[in-house]
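If you read the sequence from its start, that first residue is 1, and numbering goes on from there. These numbers come from a predicted model, not from an experiment.
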Amino acid sequence: MPRPTIRHRPFGTTPAGEEVTLWHLASPSGTYAEILTYGGVLHALGVPDTLGRTDNVVLSLGSLDQYAEKSPYLGALIGRYANRIAHGRFTLDGVTHHVPVNDRGHALHGGPDGFDNRVWSAAPLVDGDTAALRLTLRSPDGDMGFPGTLDVTATYALDAAGTLSLECVATTDRPTVVSLTSHAYFNLAADGGDVLDHTLQVDATGYLPVDPAGIPLGPPADPEGTPFDLTAPRRLRDTLLASVDEQLRLAGGYDHCWTLSGAESQVPRRAARLTAPGGTRVMELWTTAPGLQVYTANQLDGGLADPAGRPLLRHGAVCLEAQHYPDAPNRPAYPTPVLRPGTTARRRTEFRFPRPTGR
């Protein structure tokens, strides 16, 4: 019986002289995943379509230099805090901490030198019918202004059914805040075009409206009757282009958090279902996270190209980022992202690829 395989090759050297490796995980299902030690980037995710043709369904770049100098978090692991912290500051146990701002006066994705810029240590694992890569990183006390030394393990695992999972575990020696996620950009058609004819369903009955800088305005809002009601599958063209909505105008598309539950779940539950035009591929995202940020690649402008030379364009992909709510360190009413010594932050997200119904 075929078994999963793991192999690796060099992918370049950073300006600081750190060697970067590309790891290739392959499943007997025909699915494969390529992961860089730089930023923990999901560089490729090959998924068979209904005809058995396997294509890469995530956006990627052709060289390490492009990732290091130009990438808009393309495929990266995000930390210490995914999404925005208002004005780059938060107070924890009476002490105010400052994170360098890097997005319209606010801290985004852990500040200007987040985990997406780090070279992670890697160890391959094969357990039965699963191939996995364990990445580890130590973030020292005071890193980007965050308190506490944070030890992080992020494990990508590809099983025989073709499900790719990402399990992130973090511990600290001082009270801190943490929210880790994957910033993969998905285009299930894998054709270099846009995702406007994809359909998206999000299993949530609330979302967070935001101000012009992406900071939540308050508690979750009811999306009924708005383009944010994705409780049933909707074509992105019909919500993004056919709707006159101030929230969409401000962000240029979706860049909003849907509220999945009031707290972290103990086991993954389905959060979203993305379907390619014609139903040729389907992806379901299952997660234990309390929130799901949906981002429709609103800032891509053709200035970057994939390894085949195709420009990366606006609405050329959709990101489904399982995470804590934005600005939660400053919002006691939101699920808490606080991590204390002796406890563990653990999050599991699964990218499942079921066969489309009737095919």
T226 versus Y207, side-chain donor and acceptor atoms under 3.5 Å: no
Test item: V294 and L320 side chains (from C-beta on) under 4.5 Å apart, heavy atoms: yes
Heavy-atom donor-acceptor pair, R281 side chain to V47 backbone, under 3.5 Å: yes
D229 side-chain N/O to T231 backbone N/O, donor-acceptor pair under 3.5 Å: yes
Polar side-chain atom of Q293 near backbone of C257 as donor-acceptor pair, under 3.5 Å: yes
T259 side-chain N/O to G206 backbone N/O, donor-acceptor pair under 3.5 Å: yes
Pairing of R235 and D197 as salt bridge, 4.0 angstrom limit: yes
Residue E246 excluded, over 12 heavy atoms near CD under 6.0 Å: yes
Other residues, nucleotides, ligands: >12 heavy atoms within 6.0 Å of E69 CD: yes
Stepwise side-chain contact (heavy atoms from CB on, under 4.5 Å) test for T14 and L64: CA-CA 8 Å; T14 69; L64 178 60; 4.3 Å; yes
Residues T171 and T344: side-chain donor-acceptor under 3.5 angstrom: no
Taking every non-hydrogen atom, the tightest pair across A272 and L292: CB-CD2, 3.8 Å
Flag, side chain of D173 to backbone of T149, donor-acceptor distance under 3.5 Å: yes
Residue among R355, R270, R352 satisfying salt bridge (charged side-chain N to carboxylate O under 4.0 Å, His left out) with E284: R270
Side-chain (S179) to main-chain (H324) donor-acceptor, under 3.5 angstrom: yes
Working for ring-ring contact (aromatic ring centres under 6.0 Å, His included), residues Y73 and Y185: CA-CA 9 Å; Y73 307 103; Y185 287 67; 9.0 Å; no
Test side-chain contact (heavy atoms from CB on, under 4.5 Å) applied to D116 and Y67, step by step: CA-CA 9 Å; D116 57 294; Y67 279 110; over 6 Å; no
Expected output: side-chain H198 to main-chain L188 donor-acceptor under 3.5 Å: yes
Sidechain-backbone polar pair: H183 side chain, A76 backbone, donor-acceptor under 3.5 Å: no
Trace of the ring-ring contact (aromatic ring centres under 6.0 Å, His included) decision for F186 with F351: CA-CA 11 Å; F186 292 96; F351 305 97; 5.4 Å; yes
Within the 6.0 Å centroid threshold, strictly below: H87 and H106: yes
Side-chain (N298) to main-chain (A251) donor-acceptor, under 3.5 angstrom: yes
Within 6.0 Å of CZ in R138, more than 12 heavy atoms from elsewhere: no
Derivation and outcome, side chain to side chain donor-acceptor pair (under 3.5 Å), residues T280 and T50: CA-CA 5 Å; T280 55; T50 51; 5.7 Å; no
Residues R84, D211; criterion salt bridge (charged side-chain N to carboxylate O under 4.0 Å, His left out); working and verdict: CA-CA 12 Å; R84 295 167 178 85; D211 70 13; over 6 Å; no
Residue pair S71 / L61, side-chain heavy-atom distance below 4.5 Å: yes
D327 and R331: CA distance, side-chain angles, deciding distance, salt bridge (charged side-chain N to carboxylate O under 4.0 Å, His left out) verdict: CA-CA 7 Å; D327 202 35; R331 311 290 180 110; 2.9 Å; yes
P326 side chain reached by L208 side chain, heavy atoms, under 4.5 Å: yes
Intermediate values then yes/no, side-chain contact (heavy atoms from CB on, under 4.5 Å), V210 and Q247: CA-CA 7 Å; V210 295; Q247 284 288 305; 3.5 Å; yes
S265 side-chain N/O to V267 backbone N/O, donor-acceptor pair under 3.5 Å: yes
Parallel, tilted or perpendicular, as decided by the 30° and 60° cut-offs, for the rings of H24 and Y32: parallel
R7 atom CZ, neighbour heavy-atom count above 12 within 6.0 Å: no
